[in-house]
Amino acid sequence: MKKYITRIITMLFCLLSAWMSAYANVDKAVIDSMYHQLSLVKTSADSVPLLCNLYDLLPRSAGAAIGFQIIETADRAGQPGDALDIIRNQANRYMRSDSVLNALRDRTLKFQESKDRAETLTFIRMMQNIRRARYSDREERDASLKEYIETLTVNPPSDIYDHIAMLHGICMIVSQEPNGEMLGVYLDSLASLIKKLPASSFSIRNAYGVHASVAYCMTRPHKSVAIDRALLHDIAKLEEYYHDKGRKYRSYAPSYYTIYTRLLSNFSILDPVSIQNYYDKVKEYVEEDENVRATYEKFPAADIYLAMSERDYAKALPLLKKYYDSPSNNFRRRMMIGYLLRAAEELGDLETQRTAATLYANILEEENEELARGMSQDLQLAYAVYNVKKQYGDMELEKKKSLASMQQTVSIVTSIAIVILGLLLIIVYRLYRRNRNLVKHLAASNSSLQMESENLRKSRAESIRARDIAQKANNLKSDFIKNMSYEVTVPLQAITEYSHLIADCVGDSGNKHLKEFADLIELNSELLSTIVNDVLRLSEIDSESMPVQSQVVNAKLLSQFTIESVKRRVRPGVELCLDAPDERVDMFTDPTRVQQILNALLTNAAKFTSHGKITLAYRLIDDGDKVEFSITDTGIGIKAENKDKIFDRFFKLDAETQGAGLGLTIARLLARLLGGDVSLDTSHRGGARFLFILPKK
């Protein structure tokens, strides 16, 4: 591994030395710092973030070469997400190279199937569509268009990613002929499909958005503006995503600059506030990014749009004269010459007006020819669709003929089957005669089965007797538990009372220690009594003999009484309090059972809370139909994975804690006996919170 990392560092050093002149505008100290950190890393996983930051920081041509190394390093480090992300970036940078795109596609196929891999493969296909539409000859484009139309018309793919890639290919090819009416139809269909993708599919949505916004800009400006605003939102999300991953050198300024400039080009449908905001954004990115500044200096489109929107023709005219024929403005040349003509007319510049009018007339003539070609392509496209559908109809007709021939064949086969069936009937009859002989043997077997049935009846009677004996034993167990509870409780009470009596009868000199001993005896007697009572309650619940005597109960009084009964079990320094609402809350339930439940939950909280406070609260929920009691403590808390185990019988989180592990079990059983339930609030932090929900009536 160290040898591999050393090779990476050596290669990067060579690349950095060769490209030093290409990134003179980049902070060399930052590059040197990253290089130093790379020399210290020991694993591939540690080198991936540094390589990614170098990829973002270096100029486009320099960073692209590092990208291929990042893909292999991230894959080796078990980080397929980072590798696939760089593959998408590389596909965008090497859009013109079909061989590189194919290599990136083959590399992507080596990853395990996932939505991220499917998105990456689709994005590479979209880049191939752009290359084919922009840089291939007409024959190749026409062949691809025909292939896509035939597939989508006759046998559309069931996979949404395949469908998107094919539809995008049609849109890219059709967009090469301006003003094609079919382009809008296919773009809308593509948008509907992309909306079904996961929200994380930024690369596909952005690739579509850039193409669609430019395509709609001249013909449907409202739609172009809507798409650009959605692109701004997606880029902001993408920026936040990469920032959280530590990619702080990744620049989004060129993308923002392009989108805000394109938004300004639609100033005729924008309000003045939006125009000014978009222009301020453009200037902000011009000042902070050198690449954006270089683009702006070549063609300050934002200044022209702002001046035209404000009808400041004196400011717009010099800019238009200088930049209307700029190579950076080829796709909007007619718009700029139109602006030039309007500004010259408003300012009375006859010479410029004549020049602009001549240029504008020539452009209109060229666009009319392009429009004719676009309409011709639409007709050809419509004819291609019709031809494919006709071929599909012919195939359906041929299929029907084949089906008729098949039916004839089936009729012949059916006749043969009838003959065979007759032969089978004869064979069945002979088998029937043979089966009659078997019936005799079955009679003997039936007699044997009757004997076995009698034996089963006797076994069943024995099982019933065994069940009765078990039931009787269970009743004896319940009676024994009840008797033992009484026999243990009375002596415990006597021990407690006589221990205090002894302490009171001794003089003041020894009374202090005896009082402490008496209190300890009383506390342990209560603990033992609690265990006995828990076992008794559990026995009553299991035998379904526990009575429920409902009456009107005031929640506040019941809560106060319960707190008073539990106070002595709370450790010193722990506050036990009641949080009750102002309004009176009455319930129709068994107050004894409710107090037993609250007592068990408060006692449990007291065991595990050594400092802070324990709060008993209640409120009405479900439109006043239910009462929710909450017992909140600042103790050690309970892990979420134990939220159900703690209600199991005899389960204890801490084996050293007093008790038999029955308190929470009995609390839940009693709650369900009253029509409610007890649960652990796993969302609470800083202790534990139990919720006891009970019907109000």
Side-chain angles (χ1 to χ4, degrees), residues 1-94 100 103-104 107-108 110-112 114 116-117 120 200 202-203 235-256 285 287-294:
M1 180 61 68
K2 290 184 177 179
K3 182 178 180 182
Y4 172 74
I5 295 175
T6 302
R7 289 179 179 177
I8 294 176
I9 296 171
T10 303
M11 183 190 71
L12 288 176
F13 178 79
C14 295
L15 291 173
L16 292 174
S17 300
W19 294 326
M20 189 64 71
S21 60
Y23 61 90
N25 59 323
V26 178
D27 189 349
K28 186 176 182 299
V30 176
I31 298 293
D32 292 340
S33 174
M34 290 185 184
Y35 175 75
H36 177 68
Q37 293 178 53
L38 274 172
S39 66
L40 300 177
V41 298
K42 297 180 179 180
T43 65
S44 299
D46 293 335
S47 65
V48 170
L50 294 170
L51 289 171
C52 287
N53 277 327
L54 276 173
Y55 183 82
D56 297 335
L57 187 60
L58 290 171
R60 190 181 183 92
S61 58
I66 298 177
F68 296 105
Q69 191 63 55
I70 299 176
I71 295 169
E72 301 302 325
T73 305
D75 187 20
R76 187 174 285 103
Q79 299 174 2
D82 291 331
L84 291 171
D85 177 68
I86 297 298
I87 287 176
R88 291 193 292 270
N89 281 270
Q90 291 291 85
N92 185 53
R93 294 186 178 191
Y94 287 92
V100 174
L104 290 172
R107 187 65 185 86
T108 304
K110 294 181 181 179
F111 290 91
Q112 291 185 350
S114 64
D116 200 7
R117 190 187 85 152
T120 303
S200 59
F202 292 110
S203 61
I235 292 176
K237 287 287 186 182
L238 199 61
E239 186 174 7
E240 180 181 352
Y241 167 78
Y242 280 114
H243 184 272
D244 292 342
K245 294 191 67 174
R247 301 274 292 272
K248 58 183 179 180
Y249 298 107
R250 188 177 176 89
S251 176
Y252 301 89
S255 298
Y256 281 124
Y285 292 114
E287 292 178 3
E288 75 177 33
D289 189 276
E290 287 195 21
N291 293 324
V292 171
R293 192 179 310 120

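Every heavy atom of this structure was used, including side-chain atoms; hydrogens, water molecules and symmetry mates were not.
- Minimum interatomic distance between A83 and I71 (heavy atoms only, all atoms of both residues): CB-O, 3.8 Å.
- Smallest separation of non-hydrogen atoms from S251 and D289: OG-OD2, 3.3 Å.
- In this structure, CD1 on I66 lies 7.0 Å from CG on L51, to the nearest 0.5 angstrom.
- Nearest heavy atom pair, residue T73 against residue S47, reads CG2-OG, 3.4 Å.
- Expressed to the nearest 0.5 Å, how far CG of L104 lies from CZ of F68 amounts to 5.5 Å.
- K237 meets the salt bridge (Lys or Arg N to Asp or Glu O under 4.0 Å) test with no other residue; sequence neighbours excluded.
- Distance CG/L38 to CG/L54: 6.0 Å, rounded to 0.5 Å.
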- Message: Walk me through whether Y242 and F202 qualify under ring pair (Phe, Tyr, Trp, His ring centres under 6.0 Å).
- Response: CA-CA 12 Å; Y242 280 114; F202 292 110; 8.8 Å; no
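- Annotation: the span from L238 atom CG to S200 atom OG amounts to 10.5 Å, rounded to 0.5 Å.
- The side chain to side chain contact (heavy atoms under 4.5 Å, CB included) check on T108 picks up L84, I87, R117, T120, L121, I124, with sequence neighbours excluded.
- Remark: A45 engages T43, A77, Q79 in a side chain to side chain contact (heavy atoms under 4.5 Å, CB included) (not counting sequence neighbours).
- D116 pairs by the side chain to side chain donor-acceptor pair (under 3.5 Å) definition with R88, not counting sequence neighbours.
- Among residues two or more places apart in sequence or in another chain, the side chain to side chain donor-acceptor pair (under 3.5 Å) test is passed with Y256 by E239.
- Under the side chain to side chain contact (heavy atoms under 4.5 Å, CB included) criterion, E287 pairs with no residue, sequence neighbours left out.
- When every heavy atom of A74 is checked against every heavy atom of D82, the shortest pair comes out as CB-CB, 4.1 Å.
- Residues passing the side chain to side chain donor-acceptor pair (under 3.5 Å) test with D75, sequence neighbours excluded: R107.
- Contacts of S33 classified as side chain to side chain donor-acceptor pair (under 3.5 Å), with partners at least two apart in sequence or in another chain: Q37.
- By the ring-ring contact (aromatic ring centres under 6.0 Å, His included) test, F111 is found to be paired with no residue, residues two or more places apart in sequence or in another chain being considered.
- The side chain to side chain contact (heavy atoms under 4.5 Å, CB included) test applied to H36 returns S39, L40, not counting sequence neighbours.
- For the residue pair I86 and G67, the shortest heavy atom distance occurs at CG2-O, 3.4 Å.
- Residue pairs that meet the salt bridge (Lys or Arg N to Asp or Glu O under 4.0 Å) test with at least one member in residues 49-58, sequence neighbours left out, are D56-R247, D56-R250.
- Nearest heavy atom pair, residue S44 against residue R76, reads OG-CD, 4.1 Å.
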